[in-house]
Amino acid sequence: MVNYSKDAVVEIRNYLWHKLKEENVLSANDYLDGNGNTIVPIIPVQQVPEMTTFFLGPTTANEDNKTHIVYDKIGISYEENWAICCEQVVFTIYAIDYNKITIMRNFMMDLFRRMDDSAKEVNAWSGKSQEFKFHSIYIADISPTQPSQEIQGFLAEEIVLELKYSRHANFQGRFI
Amino acid sequence: MDSNILVQASSRLQPLMVEPSSGIITNSVVSQISAFVYYNSQVMANVMDEPGFKNKFNSMIYTQIEKDFGNYIDAKARTNPRSLHHVYEWNRAGESSARLFKLNRLNTDQLSFKVLYDFLPSKSFAKSSSKRRHVFTNKASVMEAGMPLKIAPRHSQRLVFEVNGYTVYMPKGASVTVKRPGGPGVKNSFQMSYSHFFKGNLVNESIKRSGFQNLFNSSLSKALDLPNNIKTVKYSFSPNAIRSQAKAAVSAAFSG
């Protein structure tokens, strides 16, 4: 049975969260909800209303947990080669501290600017689903840091990633 | 590259393609090579002026840019509705079917085009707490420009509206001025996104994705394929015939 709920962008989101923790850019301890569960601070735009309270609410220990990323797909297309999907995703980084937003932007740039090498690293990560193989990941665009119009007191910066990937298929070319 | 320069330069090959009357040439190599180079240069010179090539250049690239720009603004509007809600119908920020903007292509004489935008009139009813409903037709352009709005009673004696849950009754005939219609974040925000898309890397990505490069490569290599009469060993070639052949080959390669 094919699992159609799998999505390449979610794989990238999971990988990014893994690397942010691993390289101590963000800490999972800053994102615990009232029940002690970790809230991953990289959320699709469709979940923003539900998550607003968490990211904008009063903080207890520090204000690190205000830093978060909202992502959305810009578009997906298959070229003549239908085995390779080309997808653009915009990641908007929100933080109250200019230094934090600079760190986040540079970290993502460092991670995702190297095309096939970036893709190789994602493929080699053990947490990735086996359904996908990434061919290339690169930074298509970065916007300047600006005061956010959405969240008062926050700064925002957008990074557009272009992903090229395949989903494993059977002999007929259908997903497996 | 200016095709006139190429035509001028290649014209110097013409005497080499014709057998001299004195009969000095003893083999066909010089005229053959000259005809080969002359044909290629004529193909290249004709490409830029070929209407089929221009049409494909304009339509393929513009179609992709239009699609990618729309998707980009939609995604931005979903993430930043406060900045871009004004270029969509009410409460539908980020929906492609609710866009109030449209790109326009302005063709030029040369191999290029300009991309401009227009705002479309809103057709949906403005959000209102009163029973009377109205359409704010120029919503997108007025909010984008940050033009203050003066609202005056037209069909009734006074304005009545709600602010933070309280009903406000204005004096008879008094008007209200909205200093920043659409909120503080909308002024020039579409223009900024448009500039960012077209001045940054996104438009280049879009051009790459258009597939025009592939089509150009395959069509040009088709046009550059030497006709049989130039491949045939001969001591003399007609420049006029080669020019016509090159033109016909370019036309055939970029048509359809």
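Values below: every heavy atom of this structure, side chains too, minus hydrogens, waters and symmetry copies. A quick note: this is a predicted structure, and the numbers were derived from the prediction, not measured. Quick note on labels: first sequence line is chain A, next is B, and so on, each numbered from 1.
- Residue contact with chain B, scored on non-hydrogen atoms closer than 4.5 Å, involves the side chain of A:Thr92 exclusively.
- Only the side chain of A:Ser77 comes within contact range of chain B, with at least one heavy atom under 4.5 Å from a heavy atom of that chain.
- Using modelled atom types and a 3.5 Å distance limit, the side chains of B:Ser206 and B:Gln64 yield no donor-acceptor pair.
- Side-chain atoms of A:Ser129 and A:Lys6 form a donor-acceptor pair, as typed in the model, at a separation below 3.5 Å.
- No donor-acceptor pair closer than 3.5 Å links the side chain of A:Lys133 to the backbone N or O of A:Asn123.
- For chain A, the option among B:Asn80, B:Asp68, B:Val186 with the highest count of heavy-atom pairs below 4.5 Å is B:Asn80.
- We find the CD1-OG1 distance between B:Ile65 and B:Thr63 to be 9.5 Å, quoted to the nearest 0.5 Å.
- Under 3.5 Å, the side chains of B:Ser112 and B:Thr108 contain a donor-acceptor pair of N or O atoms.
- Relative ring orientation between B:His86 and B:Phe119 is described as tilted, the plane-to-plane angle lying within the 30° to 60° band.
- When heavy atoms are compared at a cutoff of 4.5 Å, A:Val160 approaches chain B solely by way of its side chain, counted from C-beta outward.
- Interface with chain A: from residues 87-107 of chain B, no residue qualifies, criterion being any non-hydrogen pair under 4.5 Å.
- Residue pairs meeting the side chain to side chain donor-acceptor pair (under 3.5 Å) criterion with at least one partner in residues 165-176 of chain A, sequence neighbours excluded, are A:Tyr4-A:Arg174, A:Glu87-A:Tyr165, A:His135-A:Ser166.
- Between B:Phe197 and B:Phe69, the angle of the ring planes goes over 60°, which puts this pair in the perpendicular group of the 30/60° scheme.
- In this structure, chain B has a heavy atom under 4.5 Å from the side chain of A:Tyr138, while its backbone stays farther away.
- Looking at B:Ser251, its side chain never comes within 3.5 Å of a backbone N or O of B:Lys247 through a donor-acceptor pair.
- Residue with the most contacts toward chain A among B:Glu205, B:Lys67, B:Arg82: B:Arg82 (heavy-atom pairs, distance under 4.5 Å).
- Most heavy-atom pairs under 4.5 Å with chain B, from the set A:Glu150, A:Gln88, A:Lys73, A:Gln46: that is A:Glu150.
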